[in-house]
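The block underneath contains the structure these notes are about, expressed in structure tokens.
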Amino acid sequence: MRAKSIMVVGTMSSAGKSVITAGLCRIFQQDGLRTAPFKSQNMALNSYITRDGLEMGRAQVMQAEAAGVEPDVRMNPILLKPTSEFGSQVIVNGEVYGSMHAREYYQQKQKLIPVIQQAYESLAAEKDIIVLEGAGSPAEINLRDVDIVNLGMAAISDSPVILVGDIDRGGVFAAIYGTIALLRPEERRRIKGIIINKFRGDVSILESGLTMLEELTGVPILGVVPYLPLHLEEEDSLATQLHQHTRLPESSLDIAVIRFPHISNFTDFTALDGMDTVSVRYVTSVQMLGEPDLLILPGTKNTLSDLRWLRQNGLEAAIQKLHQKGCVLFGICGGFQMMGNLISDPYGVEDGGSLRGMELLDIETIFQTQKYRQQVQGSICTIPGILQSLSGYPVNGYEIHMGETIVHTANPFTKREDGTYNGYCNPDGNVYGTYLHGIFDTTETTAYLVQQLLRQKGLENPVPFLDLQQRKEQQYDMLADTLRKHLNIKQIYKIINEWGQTHETT
């Protein structure tokens, strides 16, 4: 039996679609329904590698966790990873399809509709309900004829739609009314409910406006969701965590993360950011850098371009000075590659050519045409320096890169379960690099790492273990409880059930 479905769209990016979708997934899962999220096309630099080595967007991973199911690439059959202002790497069914400029992709993306349909129908055959998420705004009238992710996808899946508006940014009534007004009549008929999201204050002040909005649009208000201080993964450039620039008191560990123009997988730092003894801030200039206790070069979708950016704005020189003063440096994936002597791109995977690295590790990287993707279980090698007591500790995560790194005199830092190395450090033990995304998600290892860095700072602050998965489960339950309190869940169930029974197929 094919699953029932409902779609969540927003008046704009960051209206809260992903979180509302996750909350509905958790509610349906709590109510005993086999539930899965679905987003036909996602654009993000944060991605995830499934158990079978396929790549998908992290928003659908978060939603799958909320639904209590393992992430499945069918939940996100198309992933666009921007590599420049005008182009993206296109991932289809978890594998690289090609790199395209925006116009080229839009000219042929409708050819991918059968791929989307197959993924959706296969997933729907195994579930009771699918919660679909749109992208951006459904009222992008210039893209209407090639839409495969908003109301175009609602038509493909034959789903009713809930429209979410973000009141925290202002203008929510105009945004909702304008969105609905710009839809074609057959599209408008699918909009069955409105959610006002991220509200702060006394909801009674909104009541007259809500009544007028219902009269103007003919669509019922399903509820007003308060602004929630949740710690859930965000995946795009509007993520609030990327705008954290201020450090916490001196009693904490000050961690600075370089915010590259093409930063990817900044979800690597979610666990660190959730620790009471840690201050994580994102840095884009020398003036913001200061003197952190730990500096991290994160992953990037365009390593060569971001290395040039680092060099041109003076951050590379500032990082070199920090290194000379004894600051611990840590690189992940693209950041790890930058730490070497040389990066070569003979096949034009990015910009082509070669570029001198930061010369912090005696390694060099050559980009290949094939992407390396796999989940990894491993451990920390016997290492020198202030973190040597971490030797043998477990680390788990995933690798996703197109570079092959050649090692000269660097020491092994991290290794896979099969004994092969995926990270290296310098002989002094204060520069560490690894290909392992999610390395800080390993609870005990990260707590001990933080403890060692605090001791180096002369602090003996207690570092409680942060069970990231347990915290996520608590956050999903809190989200579901809040939505049950502030939304008309019975009406949402009615929309889902009545749509499949009584509506006229458009």
Side-chain angles (χ1 to χ4, degrees), residues 13-14 43-47 58 81-89 169 231 233-250 252-275 278-325 327-340 343 350-351 355-360 431-434 437 439-440 453:
S13 294
S14 200
M43 176 175 282
L45 285 175
N46 283 346
S47 60
R58 288 201 69 104
K81 303 186 73 174
T83 55
S84 68
E85 294 296 319
F86 305 104
S88 298
Q89 184 181 72
R169 291 171 180 258
H231 296 281
E233 290 183 352
E234 299 179 85
E235 68 170 4
D236 62 25
S237 59
L238 296 176
T240 54
Q241 72 187 81
L242 288 179
H243 299 279
Q244 294 174 191
H245 306 311
T246 305
R247 64 172 297 169
L248 293 175
E250 289 294 329
S252 64
L253 188 71
D254 179 26
I255 299 179
V257 179
I258 301 299
R259 183 182 171 181
F260 293 125
H262 302 94
I263 186 172
S264 66
N265 290 79
F266 52 82
T267 48
D268 284 341
F269 315 116
T270 300
L272 287 172
D273 196 37
M275 301 177 77
V278 172
S279 169
V280 179
R281 55 193 177 88
Y282 290 80
V283 173
T284 58
S285 69
V286 174
Q287 292 73 24
M288 297 168 62
L289 186 57
E291 294 191 359
D293 304 308
L294 173 66
L295 185 138
I296 300 176
L297 298 171
T300 163
K301 192 62 192 72
N302 197 318
T303 307
L304 293 172
S305 174
D306 284 353
L307 177 55
R308 292 190 188 97
W309 171 84
L310 194 75
R311 189 160 287 157
Q312 290 164 1
N313 71 5
L315 272 169
E316 180 187 32
I319 292 170
Q320 296 280 9
K321 290 179 181 178
L322 281 176
H323 170 55
Q324 293 169 7
K325 291 181 179 181
C327 177
V328 179
L329 307 183
F330 203 106
I332 299 177
C333 202
F336 166 44
Q337 295 170 343
M338 290 183 191
M339 288 175 158
I343 302 174
E350 289 187 0
D351 301 329
L355 191 62
R356 174 182 60 83
M358 299 176 70
E359 299 179 334
L360 296 166
V431 178
Y432 302 87
T434 183
H437 290 291
I439 186 170
F440 298 118
L453 292 172

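- For the pair Ile319 and Leu297, the minimum side-chain heavy-atom distance is below 4.5 Å.
- In this structure, the separation between CD1 on Ile332 and CG on Asp268 is 4.5 Å, given to the nearest 0.5 Å.
- Looking at Pro292 and Leu322, their side chains come closer than 4.5 Å, going by heavy atoms from C-beta outward.
- Note: Glu316 CD to Ile258 CD1 = 11.0 Å, rounded to the nearest 0.5 Å.
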Margin query: One pair to check against side-chain contact (heavy atoms from CB on, under 4.5 Å): Trp309 and Asn302. What are the steps and the verdict?
Written below: CA-CA 11 Å; Trp309 171 84; Asn302 197 318; over 6 Å; no

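- Atoms CG and CG, from Leu355 and Leu307 in turn, are 4.5 Å apart once rounded to the nearest 0.5 Å.
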Next item on the list: Mind running side-chain contact (heavy atoms from CB on, under 4.5 Å) on Phe440 and Met275 for me, showing each step along the way?
Entry: CA-CA 11 Å; Phe440 298 118; Met275 301 177 77; over 6 Å; no

Next item on the list: Let me see the working for Lys301 and Asp306 under salt bridge (charged side-chain N to carboxylate O under 4.0 Å, His left out), right down to the final yes or no.
Entry: CA-CA 9 Å; Lys301 192 62 192 72; Asp306 284 353; over 6 Å; no

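- In this structure, Gln320 contributes its side chain and Met358 its backbone to a donor-acceptor pair below 3.5 Å.
- A heavy-atom distance below 4.5 Å is not found between the side chains of His262 and Pro82.
- A distance of 9.5 Å separates CZ in Arg311 from CE in Met338, rounded to the nearest 0.5 Å.
- The shortest side-chain heavy-atom distance between Leu315 and Phe260 does not fall under the 4.5 Å cut-off.
- Residues Leu295 and Leu289 meet the side-chain proximity criterion, which asks for heavy atoms closer than 4.5 Å.
- Looking at every heavy atom in both residues, Met43 comes nearest to Ser88 through CE-OG, 4.0 Å.
- Counting only distance, with no hydrogens or angles, the side chain of Glu350 and the backbone of Thr303 share a donor-acceptor pair below 3.5 Å.
- In this structure, the side chain of Arg58 does not engage the main chain of Leu45 through any donor-acceptor pair within 3.5 Å.
- Side-chain atoms of Asn313 never come within 3.5 Å of backbone atoms of Ser285 as a donor-acceptor pair (strictly under, hydrogens ignored).
- Contact check for Phe269 versus Val257: side-chain heavy atoms found under the 4.5 Å cut-off.
- Note that OG of Ser279 and CG of Leu253 are 8.5 Å apart. Values are rounded to the nearest 0.5 Å.
- Side-chain atoms of Asp254 do not come within 3.5 Å of backbone N or O of Asp293 as any donor-acceptor pair.
- Looking only at side-chain heavy atoms (C-beta outward), Thr300 and Ile263 stay at 4.5 Å or farther from each other.
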Next item on the list: Evaluate the criterion side-chain contact (heavy atoms from CB on, under 4.5 Å) for residue pair Leu272 and Ile296; output intermediate values, then yes/no.
Entry: CA-CA 12 Å; Leu272 287 172; Ile296 300 176; 4.2 Å; yes

Next item on the list: May I have the step-by-step check of side-chain contact (heavy atoms from CB on, under 4.5 Å) for Phe330 and Ile439, ending in yes or no?
Entry: CA-CA 11 Å; Phe330 203 106; Ile439 186 170; 4.0 Å; yes

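- His437 has its side chain out of reach of Thr267: every pair of non-hydrogen atoms, C-beta onward, lies at least 4.5 Å apart.
- In this model, no donor atom of one side chain and acceptor atom of the other lie less than 3.5 Å apart for Ser264 and Lys81.
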